[in-house]
A.B. asks: 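Sharing a structure below in C-alpha cells format, with a few things to ask.
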Protein chains: 2
Amino acid sequence: MRKLTVKERVVEAALDLFQEKGYHGVSVEELVERAATSKGGFYHHFKSKGDLLYEIYDIFISYVLNETKNACAEHHSAIDQLDTLMRTFMNVFNIYQRHITVFYNESVYLLPEHEALINKKRTAYRKLLEQILTNGQQQHVFRQELSITITAMLIIGTVNWTYKWYKQHGALTMHDITRYFNDVILRGVMTEEGYREASTKQYLL
Amino acid sequence: MRKLTVKERVVEAALDLFQEKGYHGVSVEELVERAATSKGGFYHHFKSKGDLLYEIYDIFISYVLNETKNACAEHHSAIDQLDTLMRTFMNVFNIYQRHITVFYNESVYLLPEHEALINKKRTAYRKLLEQILTNGQQQHVFRQELSITITAMLIIGTVNWTYKWYKQHGALTMHDITRYFNDVILRGVMTEEGYREASTKQYLL
DNA sequence: CAATTTAAACCGACTAGTCGGTCTGTATGG
DNA sequence: CCATACAGACCGACTAGTCGGTTTAAATTG
C-alpha cells in the first residue's frame with residue numbers, strides 16, 4: 001500500500017473526526033494531530049478549514065454525478081435507467097458513506113462561493129432523475145398521473161436517508177437494501193405495461 | 001396576540017438563526033440580541049446553549065410521537081394506520097419545519113445526556129411504524145416478502161427528507177405531497193387484497 | 001558524480017479575536 | 001423584604017489563521 005500524502009491523511013482524519021464530532025466539534029489543531037502533520041502543513045494544502053469541507057463535498061458529488069451520467073447513458077428503457085441510478089447511488093455508500101454524512105450534516109457551514117458550486121451539481125443530479133421519470137412516462141411504463149417533482153423527491157429521500165442508518169458491516173448488505181427499495185419504488189410508479197417489462201427482468205422480488 | 005415571554009422569544013430567534021447559519025454559526029450574543037434580551041436573561045432560562053438545542057428537539061419529537069400514537073390507536077386497518085402516520089408526520093411540517101431542520105442538521109452537537117433521551121423517542125417512533133407494517137402483513141394487506149426494517153426506513157426517509165426541499169409557501173401544498181407519497185408507497189407495499197381495500201377508500205390517486 | 005541552487009513541503013510558536021458561561025448588580029411585583 | 005427576572009461587564013479557554021524559519025528533494029551546473 002502506497003504511503004498516503006499529507007493531504008490525503010488530512011482528508012481521512014477529517015472524515016473520521018467530522019463524522020464523530022461534527023465540523024465545529026473538531027479544531028484544526030486536533031485535525032493535524034490525527035493526520036500526523038502540523039498547522040503549517042495544513043494551511044499549505046488548504047486555504048481554510050472551510051476549503052477542506054468543500055473538498056470533501058466535491059470528491060463525493062462529482063463522483064456520483066459522473067458515474068450516474070455514464071451509467072444511465074447506457075440504457076434506453078426508463079426502468080433500466082431508474083434501476084441503474086438507484087444502484088449506482090447506493091453503491092457509492094460503500095465507498096463514500098463518511099463523505100455523505102459530512103455532506104448532509106454540515107452543509108450550512110459551506111462558504112457561499114463553495115455552496116454555489118455544489119448546488120449546481122446537486123441540481124444537475126436532480127434533473128437527471130427527473131428526466132428518467134419523464135422518459136418513463138413517454139415510454140408508458142411509468143404512470144402518467146405521477147408528479148415528476150414529488151416522485152423524484154421521494155426517491156432521493158429514500159436513497160439519501162440511508163446514510164443515517166446504514167452500517168457498512170451490519171446484517172443488511174447494500175445489495176439487499178437496493179433490491180427492496182427498487183422493488184417497492186418500481187411497483188409504486190409503474191403502469192401495467194411497465195410491470196410486464198419489469199417482470200421479464202430481475203428487478204422485482 | 002399575546003406578548004411572548006423571554007423564553008419563547010429565545011426559542012423563536014434560535015429557530016430562525018440556527019436554520020440560517022447553523023448552531024455553531026450563531027453565538028449566544030447574537031441570539032439574545034435577536035430575542036431582545038441579554039446573556040443574563042438567557043442563562044436564567046437555559047442551563048447552557050446545548051440545553052436550548054435539546055429543548056427545540058424535544059418540543060418537536062414529543063409532539064410527533066404523541067400525535068402519531070393517538071392517531072394510530074383510532075384505526076384497526078394497517079392501511080388506515082399507515083395513511084394516518086404519514087399524514088400526521090407530514091402535517092407537522094407546517095408547524096415545526098424549523099425544528100425539524102435544526103433537529104437533523106445539528107444532532108451531532110447534542111450533549112450525550114440529551115442524546116440518550118432523544119434517541120429513546122426516535123426508537124419509539126420507529127417501532128410504531130414497524131408495528132403497523134407487521135399488522136399489515138398479518139392482515140394480508142401488505143406483502144409478506146417485504147423486509148419490515150428496510151420498508152420502514154424507506155418510508156421514514158421519504159417523509160423526513162421533505163424538510164430539505166419543502167417550502168411552506170411554495171407551489172406544492174403539504175396535502176398534495178402527502179397524497180402522492182401515500183399513493184406511491186401504498187402501491188409499493190400492498191397485496192392484491194390490500195389494493196381492493198384501498199380502492200374503496202380515498203388513498204390512491 | 002558532487003556541489004550548488006531553487007522551490008515546494010512542512011513546522012510550531014504566536015496572535016488577535018471569539019465564544020460560552022459567570023457574576024454582581026438592579027428592578028419589580030407580591 | 002425577599003424571590004424571581006433580567007441586565008451587561010467581565011473572564012478564561014479556545015480557535016482559525018499567520019509567519020518566519022527549516023527540511024527535503026529535485027533540478028542544474030561544473
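Numbered from 1 within each chain, the chains take letters A, B, ... in sequence-line order.
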A.B. asks: Could you pull out all residues at least two apart from A/L128 that satisfy side chain to side chain contact (heavy atoms under 4.5 Å, CB included)?
C.D. replies: A/T68, A/K69
A.B. asks: So which of residues 36-48 of chain A are in contact with DNA chain D, with a heavy-atom cut-off of under 4.0 Å?
C.D. replies: A/K39, A/Y43, A/S48
A.B. asks: Using five base pairs at each end to define the local axes, how bent is the helix from C/dC1-D/dG30 to C/dG30-D/dC1, to the nearest 10°?
C.D. replies: 0°
A.B. asks: Would you list the atom pairs, donor with acceptor, under 3.5 Å between side chains in residues 28-47 of chain A and any protein atom, with sequence neighbours excluded?
C.D. replies:
unit_1	atom_1	unit_2	atom_2	d
A/E30	OE2	A/K21	NZ	2.6
A/S38	OG	A/G41	N	3.1

A.B. asks: Just jot down the ring pair (Phe, Tyr, Trp, His ring centres under 6.0 Å) partners of A/Y203, sequence neighbours excluded, or say none.
C.D. replies: none
A.B. asks: Looking for any heavy atom pair under 4.0 Å, which part of the strands does A/V26 touch: base, sugar-phosphate only, or nothing?
C.D. replies: sugar-phosphate
A.B. asks: About how many Å separate CG of B/N91 and CE of B/M86, when rounded to the nearest 0.5 Å?
C.D. replies: 11.5 Å
A.B. asks: Using residues 165-175 of chain A as the side-chain source, report each donor-acceptor pair under 3.5 Å to any protein atom, sequence neighbours left out, with the distance given to one decimal.
C.D. replies:
unit_1	atom_1	unit_2	atom_2	d
A/Y166	OH	A/N94	OD1	2.9
A/Q168	NE2	A/N94	O	2.8
A/T173	OG1	A/H175	N	3.4
A/T173	OG1	A/D176	N	3.1
A/T173	OG1	A/D176	OD2	3.2

A.B. asks: Enumerate the salt bridge (Lys or Arg N to Asp or Glu O under 4.0 Å) contacts for residues 125-154 of chain A, please, sequence neighbours excluded, ordered by first and then second residue.
C.D. replies: A/R126-A/E130, A/R143-A/E145, A/R143-B/D183
A.B. asks: Under a criterion of less than 4.0 angstrom to any heavy atom of chain A, what are the 5'-terminal and 3'-terminal contacting nucleotides of DNA chain C?
C.D. replies: C/dA9 to C/dA13
A.B. asks: Output all residues satisfying side-chain hydrogen bond (donor to acceptor under 3.5 Å, both in side chains) with A/T158, sequence neighbours left out; order by chain, then residue number.
C.D. replies: B/T158
A.B. asks: Output all residues satisfying ring pair (Phe, Tyr, Trp, His ring centres under 6.0 Å) with A/Y104, sequence neighbours left out; order by chain, then residue number.
C.D. replies: A/Y163, B/W161
A.B. asks: Enumerate the salt bridge (Lys or Arg N to Asp or Glu O under 4.0 Å) contacts for residues 78-104 of chain A, please, sequence neighbours excluded, ordered by first and then second residue.
C.D. replies: A/E12-A/R98, A/D16-A/R98, A/D80-A/K201, A/D83-A/R87
A.B. asks: Return all side-chain donor-acceptor pairs below 3.5 angstrom for residues 107-124 of chain A, not counting sequence neighbours, or 'none' if the list is empty.
C.D. replies:
unit_1	atom_1	unit_2	atom_2	d
A/Y109	OH	B/Y23	N	3.1
A/Y109	OH	B/H24	N	3.1
A/Y109	OH	B/E106	OE1	3.1
A/Y109	OH	B/E106	OE2	3.4
A/K121	NZ	A/D58	OD1	3.0
A/K121	NZ	A/S62	OG	2.8
A/T123	OG1	A/N119	O	2.8

